[in-house]
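Reviewing the structure listed below.
In this text the structure is predicted, and so the values were computed from the model without any measurement.
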Amino acid sequence: MTLLQADDVAVFDASGRALVHPVSLRLDAGAPLVVLGETGSGKSLLAQALMGTLPPELWARGRVRIAEAEHDAAQPQGFRRLWGRAVAVLPQEPWLSLDPLMRARAQVAEAHALVRGLAPVAARRAAAADLAALGLGDEAGRRYPHELSGGMAQRVAFAAARAGGARIVVADEPTKGLDAARRDEVARLLTRALETGGGLLAITHDLALAQLLGGRLIVMREGAVVESGPLAEIFAAPQADYTQKLLDADPARWPRRARRAAGPSVVEGRRLTVSRGGRALVEGLDLTLRAGEIVGVSGPSGCGKSSLGDALLGLHAPACGAVRRIEGVARTAFQKLYQDPVSAFPRRRALGATLADVARRFGRRRAEVEALLARLDLAPALLARRPEQVSGGELQRLALLRVMLAEPRFLFADEPTSRLDPITQRGVIDLIATLAEEGCSVLLVSHDAALLDRTADWRMALGGHGTAEAAGRAAPAVALGAAG
Amino acid sequence: MPLLSRALQALAVALLVGVSTFAMMRALPGDAAWRIAAGRYGYDNVDAAAAASVRAELGLDGPALPALLQWLGDLFRLDFGVSLVSGQPVAAELAHQLGASLQLALAAVALSLLIGPPLGVAAGLRPGGALDRALLVAATAFRATPQFLLALVLIVLVSVELGWLPAAGHGAARHVILPSLALALGLAATSARIARDATTEIAATAFWRFAEFKGLSRGQVLWRHGLRNVAVPLLTLLGLQFVTLVEGVVVVETIFGWPGIGHALVHAIFARDVPVVQGAALMLGLGFVAVNAAIDIALRRIDPRGAA
């Protein structure tokens, strides 16, 4: 049964430029539809046009058939009564999407009461049943959002979005910034939407999520469909060159980085114990980071990956043990690359002004900045813009440029690509690897095991209970920390 | 714990108010005995003999420190003493005046809440709209106008020109309208701006959007998710507005002849009636602590995030 049919849906900006060229698609009950593409491919705009949620400065054209009724994409206000009743829109950031002042169960129950029209008691009971089906008991239902874990908030938001009785679930980048375990959990959650004859439209750049969901696939690039068909077939044998490039950007398909002889020690930690909020996250760790070496760090959220890196940089005082940095080197040669580049730049300043300050601080000439721009494949025109006016990938490369102005001897890259799409991710990681080849020591944090496996000289898994385990291709220069 | 810290705060306020009013009253120019005698017998009947008898009776020549210690000691026994002018116990006078002031203050707060936040929320839902721009001008104007001027303008317009309401008096409901309006307009100007900014901020949040995606109508989203979140900064503001309110009560009561604590405070200062000044200032100080404690508790109930 067809739940949603879109015919020639296109999206334009105020000047009439097409951001999404006419796309037709069909969503069937019980079968997921995955729209895959890099940032800026127009996949999110397409989904927003289908739901009538485009920002007011954009407009759409085309016909959308939902729940046996035809809607004109040019009139977004007509879609409003579908929300919650026919289409459940899953939020990207579930934590921020729940009212901070309302208990979890009440946020689900209100949709049962106000949208489906159940009596208050029945609505509460229905909400409790929804949450129980997702493994959330009465106790969790009484919590406020700030007392929920990220995974719990995701499940509450899922229940709340569907409580109005919607059969179609639309999820736009539901796994942004999540680690592998959380991603799998989200995939399982999304497939639940299909169980009772529902439909699922997932918009993502996450190849692993797409593979977990299966069904039909649409690959988009620059506002146009590149390829579409059964997902398994396309993943096995892509027809379009772009699809091939997209799939190759999956870290699992990357070639292994050639190992080189590591140089002298740059940063050392001895019997290092790092704690946050009085809780020991890493205990008694010995490690040596050498010039030209990439060390990968993985582990679940909150296990102390960032705290360890900050301790090695000297940004966070270790609870116990010592950090020794190579002597005769300026403190500014120890640099950090942040997960969210937008928050790592002054919001209201042009990027060029920020970089000029940094260049002046390190006595670098304008020509050197321009040479680095060219090397990082960045257009000089970007410097006139503010952080939110460039793409995430461009901004992260600019952040890398800023780090390079300081001539780093050690770089702590804290999940630098978790918010980037695969092709952009590969570009940034390649640049970091080049930095290492030039003699920089790199500590690379990622939740992507395949990425670390292909990139790092040796890896370290933090367990979240004050333990660390080393794994690697070469003999690791690490003595394992004492457990517990 | 929060109650204990508030109790300590109240104690500190009592000490500070007691000592500083005492010091200020002593530092005022002029002969206190003459002023007190004038308060008692009327300005026409004061002579050196009356002033001397007052001075002897009240021990005004004595050193300051014993007088201060005695007053503090009395205070801890909850004995506010006797008015130097009327001879009545201060506690009884204050209780009577406090009632009148509370009546005025509550009416003013209620009126300001009826005017300010609804306008602010409506403006915040359409930032940049006609209402929003008009409200910005009006709120700035009312906030910038001193209360005595606003009170006088209201008297001239409503009482003198239009003759709708009495310019002064106490007892009937119509007497409370003008003084409370004079207080409320200034308060409403601030609360409207706060409500407006909070509303625009909340209407732009992900949870507001998500509530719409759940299928709730605009009104339902505002009612269930908007107002509760807007209430948090508004309540905090209400605690701060108590200061404005006290200051306004003193001015407005004097202008409208309202028999409240502010009115009494002003007269007591002129008459150098130290026990009444100290008692009134103490009441206002403790009132500030009590109001803020109550608001703390209310905020904790609405917003559980700070409790951790």
Once you round to the nearest 0.5 Å, how far does CZ of B:F207 lie from CG of A:L96?
9.5 Å

Side chains of A:W83 and B:E212, heavy atoms from C-beta outward: is any pair under 4.5 Å?
yes

Rounded to the nearest 0.5 Å, the CD atom of A:E110 sits from the NE2 atom of B:H225 at a distance of 3.0 Å

At a 4.5 Å cut-off on heavy atoms, which part of B:R224 comes close to chain A: side chain, backbone, both, or neither?
both

Hey, does B:P304 have a side-chain heavy atom less than 4.5 Å from the side chain of A:L101?
yes

Contacting moiety of A:A88, where chain B heavy atoms sit under 4.5 Å
neither

How long is the span from the CZ atom in B:F210 to the CG atom in A:L90, to the nearest 0.5 Å?
7.0 Å

Does B:F142 CZ have over 12 foreign heavy atoms under 6.0 Å away?
no

A:A157, A:G165, A:P100, A:A111: which one forms the most heavy-atom pairs within less than 4.5 Å of chain B?
A:P100

Tell me, for A:A163 versus chain B, whether the close heavy atoms (under 4.5 Å) come from the side chain, the backbone, both or neither.
neither

Residue among A:R85, A:E93, A:M51, A:M102 with most heavy-atom pairs under 4.5 Å to chain B
A:M102

Derivation of the side chain to side chain contact (heavy atoms under 4.5 Å, CB included) call for B:L216 and A:V115:
CA-CA 7 Å; B:L216 269 56; A:V115 183; 4.0 Å; yes

The interface call for A:R80 against chain B, heavy-atom contacts under 4.5 Å, is side chain

Relative to chain B, which of A:G164, A:A106, A:A160 shows the most heavy atom pairs under 4.5 Å?
A:A160

Which portion of A:E147 sits near chain B, non-hydrogen atoms under 4.5 angstrom
neither

Any chance CZ of B:R143 has more than 12 other-residue heavy atoms, nucleotides or ligands included, within less than 6.0 Å?
no

Determine, step by step, whether A:V89 and B:K214 satisfy the side chain to side chain contact (heavy atoms under 4.5 Å, CB included) criterion, reporting the C-alpha distance in whole Å, the side-chain angles of both residues, the deciding distance to 0.1 Å, and the verdict.
CA-CA 8 Å; A:V89 184; B:K214 287 199 284 192; over 6 Å; no

Rounded to the nearest 0.5 Å, what separation is found between the CG atom of A:D99 and the CD1 atom of B:I202?
8.5 Å

